[in-house]
Amino acid sequence: MRALYATIGRMHLSKAAWTTLAAAVAFVACSLTPWQEGAAGAVSRSAWNGIGVLAGVAGVLLAVWEAVRVVRRGRRFPMPPQLPSVVLAAVLLAATIATFVVNDELRTEWATAGLVLALLAALAAWLDALPIVRIALAARGGAPPEPPPAREPAPGPQAPAPGAVDGTWVCRMDTPLGEQTVGLWLAADGDVLTGRADTPFGPYDLRDGRISGGELTWRIPVTQPMEVDLRFRATVTGDTLEGVVDAGPFGEQPFTGERV
């Protein structure tokens, strides 16, 4: 089970995206069942009739798109991958509601189940896209925030003592999505810094890690909830990590960390 969870984390899909995929697959299966009872000896009909065909096609496309996101494992998309999901889920829900209303008197419990699954897929797709919406609103709200005022450096910064950087850190930083907690594992080998960051959107390896004087620098090219090259600068004092992260168009934000 732990191996399964680790695999899911490496795929960089949120829980909401996985819920969208599961709901879409379940809806497609449900759409093949009798949604409308036959009257006067007529044959019962599935959802694939009239406007229900649109619902079925939207469900299939949504399931396929979410599967593509899984297979690509967080690689670059020409657009935010949540956008097609939201559009397809909205079409799925609208067409399912229309089908549900049309089958007012003769609909079966399968039609009710299909409506619930369409609602679940639409809600999960929206929750998956919500971080993108928040970031877009923050970006359109004005110029990036001013970087925090620079502090006077201590005279003659010294390189961290051997082992002073190594360990696991719990870091907190302010972002357009609110305060985020990130687990950070660091290891120093001379002036080379390596490590990994465990974020709410999956694990990422540190790139270009360096130790120069008393300052640590590294970058993390994240892909979720959108592609941003995060660049970090920090200093270590005992079991405390303090620094600044440059988030490109979203400006610089301070962060702190404690060794655990």
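These numbers come from a predicted model, not from an experiment.
- Minimum heavy-atom separation, Leu193 to Arg210: CB-N, 3.8 Å.
- In this structure, the side chains of Trp35 and Thr99 come closer than 4.5 Å at one or more pairs of heavy atoms.
- Remark: Arg107 is positioned above the aromatic ring of Phe100, its terminal NZ or CZ atom under 6.0 angstrom from the ring centre and at most 45 degrees off the axis.
- In this structure, Leu93 and Leu119 have side chains that are in contact, with non-hydrogen atoms separated by less than 4.5 Å.
- The two residues Ser85 and Leu62 come nearest to each other via the heavy atoms O-CD1, 3.7 Å.
- Counted by atom type alone, Gln36 and Thr108 present zero donor-acceptor pairs between their side chains at under 3.5 Å.
- Look at Asp166 and Arg259 and you find no salt bridge, because none of the NZ, NE, NH1 or NH2 atoms lies under 4.0 Å from a carboxylate O.
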I'd like to know whether Asp229 forms a salt bridge (charged side-chain N to carboxylate O under 4.0 Å, His left out) with Arg231, so could you lay out the CA-CA distance, the side-chain angles of the two residues, the decisive distance to 0.1 Å, and finally the verdict.
CA-CA 6 Å; Asp229 194 13; Arg231 296 180 178 274; 3.1 Å; yes
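- Pro221 is listed as a side-chain neighbour of Arg219, based on a closest heavy-atom distance under 4.5 Å.
- Looking at Val236 and Trp169, their side chains come closer than 4.5 Å, going by heavy atoms from C-beta outward.
- Taking each heavy atom of Val170 and Val260 in turn, the nearest pair found is CG2-CG1, 3.5 Å.
- With a 4.5 Å cut-off on side-chain heavy atoms, Trp110 and Leu115 do not count as touching.
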